[in-house]
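A short worksheet on the structure shown next.
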There are 2 protein chains.
Amino acid sequence: MARMTGGTGRTAGDTRQRGTGQRDTRQRMVVAAAQLLRERGYDGTGCRDVVARARAARGAIYHHFPGGKTEIGIEAARWAGGLVAERVERACAEAHPREGVRAVLELADRLLIRADGPAGCPVAAVTLSAEDPDGALRAAANEIFGRWRAAIAGCLARAGVDAQRAARFAAVTVAGIEGTVLLCRASGDVEPYQAVRAGLLDQLDLLLGSLPGPAEPETGL
Amino acid sequence: MARMTGGTGRTAGDTRQRGTGQRDTRQRMVVAAAQLLRERGYDGTGCRDVVARARAARGAIYHHFPGGKTEIGIEAARWAGGLVAERVERACAEAHPREGVRAVLELADRLLIRADGPAGCPVAAVTLSAEDPDGALRAAANEIFGRWRAAIAGCLARAGVDAQRAARFAAVTVAGIEGTVLLCRASGDVEPYQAVRAGLLDQLDLLLGSLPGPAEPETGL
DNA sequence: GCTTGACTAGGACGTTCGTCCTAGTCAAGC
DNA sequence: GCTTGACTAGGACGAACGTCCTAGTCAAGC
């Protein structure tokens, strides 16, 4: 009733593109869903919450997402997780592992832990949905986690770490970050993050220091 | 309707202790709640589900838990998490870190990952509840995580690892385990667990191998 | 100027939720 | 044998859920 903007649907300054439809309503819903998943989880987020935060109409749910709540969840996890994956991949592509892992930890801190509201991760949220009949939610999450792991493992392997060990360290890093988000939500502060961050960097140094070949091979600039 | 045991309330062989009330109804509810939290999360678990699995009456909810769903959640997380904490503390008390950490990983595998149904953790579940007005759920979870971390850190410190480093490794281990549970739920198999387990043991070896003093102090037996 | 299609606005549906409530059942203790 | 108290059994409550639905609004294109 007391909605502040939007009013009867569209305001004077509206700049929607002709004919193609108001494409950004869909995107606003995806972003709102990702935020809500992070804050309240999948089962704690209602479709009404999503449209309310996105300032969209309830009818927009099935107009833009015929698959209903499940489709919104998948889309939101893919969008948020993919955005992180792109940044992780970019940070890891040409950096030394120490810088790459540091950048990954920095991203987790900014996007998952110290963001508005309690710590949380939209990808974790869809993974933990109570119902997922055909496994579509978990499959989407699994794909995202795989991208994160592959990017980090590639970064280490390129620096001369044995591929198996690199893959294991990447798994520990991704699992450690997701676990840290959880611990930070439980504690309400960033202490667990600081401990895990330091612990992962400790261990990365040991791993890099134990390289059989040249201690720090130049990986091309 | 087709309830198998209990019938009209109590069967012939019932051995409830006189006067004190049927104490194990409460315990059955706690166990059922812990299982359901692991499988479906806090927001995905209803009070009706709990009493149904515990073969208890709906009226038993507020008879045994005046605080309602929140109190059941806290109790279940405390029970399940405390049980794990006791085992972790026992495994870490007198063992070499390698054995202690191995035992912790083994526990996680058996209780959180390869248990019936999808991978999950009741303590994580209450941490991720959508609503937690006075923070009671998260406080209970935080206490459990603290016990796990302290037990592992103590094990390493007793073996000669610098206290700070030991605490960090413990944080990585607990966060890594919780994250692994998540990754295993997403993937539907135990591959992430195997990678994280190997990665943590890799790094423990590096940590122990870099000890300044005697490489592997005999800690009795 | 009328049609068309994208989108808004929100009522209505059946279900499930947490919670509260009363009635009934059984065993213990006087 | 009656009272008492622990516990069962399940109806009732208002709220919220996902979903479907119709009516209304606006801009583009004929």
Side-chain angles (χ1 to χ4, degrees), chain A residues 1-3 5-29 33 36 40-52 54-74 129-133 137, chain B residues 1-3 5-29 33 36 40-52 54-74 129-133 137:
Chain A
M1 292 306 159
R3 191 157 303 169
T5 69
T8 61
R10 227 157 285 135
T11 55
D14 194 0
T15 60
R16 90 141 105 163
Q17 50 275 67
R18 300 120 303 149
T20 75
Q22 189 160 334
R23 198 100 196 107
D24 65 302
T25 290
R26 193 188 141 95
Q27 181 58 18
R28 280 205 319 279
M29 288 180 65
L36 286 163
R40 308 190 211 168
Y42 185 85
D43 297 304
T45 297
C47 291
R48 286 166 171 82
D49 302 331
V50 174
V51 294
R55 288 193 222 284
R58 270 238 306 297
I61 298 172
Y62 295 91
H63 180 76
H64 290 293
F65 304 92
K69 187 183 180 181
T70 303
E71 190 179 345
I72 297 178
I74 292 173
S129 74
E131 308 270 339
D132 186 10
L137 288 166
Chain B
M1 293 306 158
R3 191 158 302 170
T5 69
T8 61
R10 228 155 287 136
T11 54
D14 195 359
T15 60
R16 89 143 106 165
Q17 47 279 66
R18 302 118 305 149
T20 75
Q22 188 162 338
R23 198 100 196 108
D24 66 302
T25 290
R26 193 187 141 97
Q27 180 59 16
R28 280 207 318 280
M29 288 178 66
L36 286 162
R40 307 190 211 169
Y42 184 84
D43 298 303
T45 297
C47 292
R48 287 165 171 81
D49 301 331
V50 174
V51 295
R55 286 194 224 283
R58 270 237 307 296
I61 298 172
Y62 296 90
H63 180 76
H64 290 293
F65 305 93
K69 188 182 179 182
T70 303
E71 189 179 344
I72 296 179
I74 292 172
S129 74
E131 308 271 338
D132 186 12
L137 288 165

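Proteins get letters first, then strands, A, B, ... in listed order; numbering begins at 1 in each.
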State which of [options] makes the closest approach to the side chain of [X].
{"X": "His64(A)", "options": "dT19(D), dC20(C), dC7(C)", "result": "dC7(C)"}
{"X": "His63(B)", "options": "dT19(C), dA6(C), dC7(D)", "result": "dC7(D)"}
{"X": "Cys47(A)", "options": "dT8(C), dT8(D), dT19(D)", "result": "dT19(D)"}
{"X": "Asp49(B)", "options": "dC17(C), dT8(D), dT8(C)", "result": "dC17(C)"}

Legend entry - 5'-most by nearest nucleotide on DNA chain D - Gly44(A) or Pro66(A): Gly44(A)
Whole-Å gap separating [atom2] ([N]) and [atom1] ([X]):
{"X": "Asp24(B)", "N": "dT8(D)", "atom1": "CG", "atom2": "C1'", "value": "14 Å"}
{"X": "Glu71(A)", "N": "dG18(D)", "atom1": "CD", "atom2": "P", "value": "15 Å"}
{"X": "Asp43(A)", "N": "dA16(D)", "atom1": "CG", "atom2": "P", "value": "18 Å"}
{"X": "Lys69(B)", "N": "dC20(C)", "atom1": "NZ", "atom2": "C1'", "value": "17 Å"}
{"X": "Ile61(B)", "N": "dT22(C)", "atom1": "CD1", "atom2": "P", "value": "17 Å"}
{"X": "Phe65(A)", "N": "dC20(D)", "atom1": "CZ", "atom2": "C1'", "value": "18 Å"}
{"X": "Leu36(A)", "N": "dG18(D)", "atom1": "CG", "atom2": "P", "value": "11 Å"}

Would you indicate what [X] reaches in the nucleic acid, counting non-hydrogen atoms under 4.0 angstrom: base, sugar-phosphate, or nothing?
{"X": "Gly46(B)", "value": "sugar-phosphate"}
{"X": "Gly68(B)", "value": "sugar-phosphate"}
{"X": "Thr45(A)", "value": "sugar-phosphate"}

Inset, instruction - Without swapping roles, check the side chain of Asp132(B) against the backbone of Ser129(B) for a donor-acceptor pair under 3.5 Å. - result: no
Inset, instruction - May I ask you to decide if Ile61(B)'s main-chain N or O and Lys69(B)'s side chain share a donor-acceptor pair within less than 3.5 Å? - result: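 Checked: no pair found.
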Closest approach of [X] to [Y] (non-hydrogen atoms, all atoms of both residues):
{"X": "Ile72(B)", "Y": "Ala33(B)", "result": "CG2-CB, 3.6 Å"}
{"X": "Arg58(A)", "Y": "Arg48(A)", "result": "CD-CG, 3.7 Å"}
{"X": "Met29(B)", "Y": "His64(B)", "result": "SD-CD2, 4.3 Å"}
{"X": "Gly73(A)", "Y": "Leu137(A)", "result": "C-CD2, 4.2 Å"}

Inset, instruction - Measure the OH-SG distance between Tyr62(A) and Cys47(A) for me, rounded to the nearest 0.5 Å. - result: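 Result: 5.0 Å between the selected atoms.
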Inset, instruction - Decide side chain to side chain contact (heavy atoms under 4.5 Å, CB included) for Thr70(B) and Tyr42(B); before the verdict, give the C-alpha distance in whole Å, the side-chain angles of both, and the deciding distance to 0.1 Å. - result: CA-CA 9 Å; Thr70(B) 303; Tyr42(B) 184 84; 3.8 Å; yes
Inset, instruction - Report the secondary structure of DNA chain D in dot-bracket form, marking unpaired bases with a dot and bases paired to a different strand with |, and treating Watson-Crick or G-U pairs with both distances under 3.5 Å as paired. - result: ||||||||||||||||||||||||||||||
Inset, instruction - Using the test side chain to side chain contact (heavy atoms under 4.5 Å, CB included), find all partners of Ala130(A) that sit at least two apart in sequence or belong to another chain. - result: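 Side chain to side chain contact (heavy atoms under 4.5 Å, CB included) check on Ala130(A) returns Asp43(A), Arg40(B).
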Legend entry - Heavy-atom side-chain contact between Arg55(B) and Thr25(B) under 4.5 Å: no
N/O to N/O distances under 3.5 Å, protein versus nucleotides 12-14 of chain C:
unit_1: dA12(C); atom_1: N6; unit_2: Arg58(A); atom_2: NH2; d: 2.9

Inset, instruction - Check whether any side-chain nitrogen or oxygen of Tyr62(A) sits under 4.0 Å from OP1 or OP2 of dC20(D), and answer yes or no. - result: no
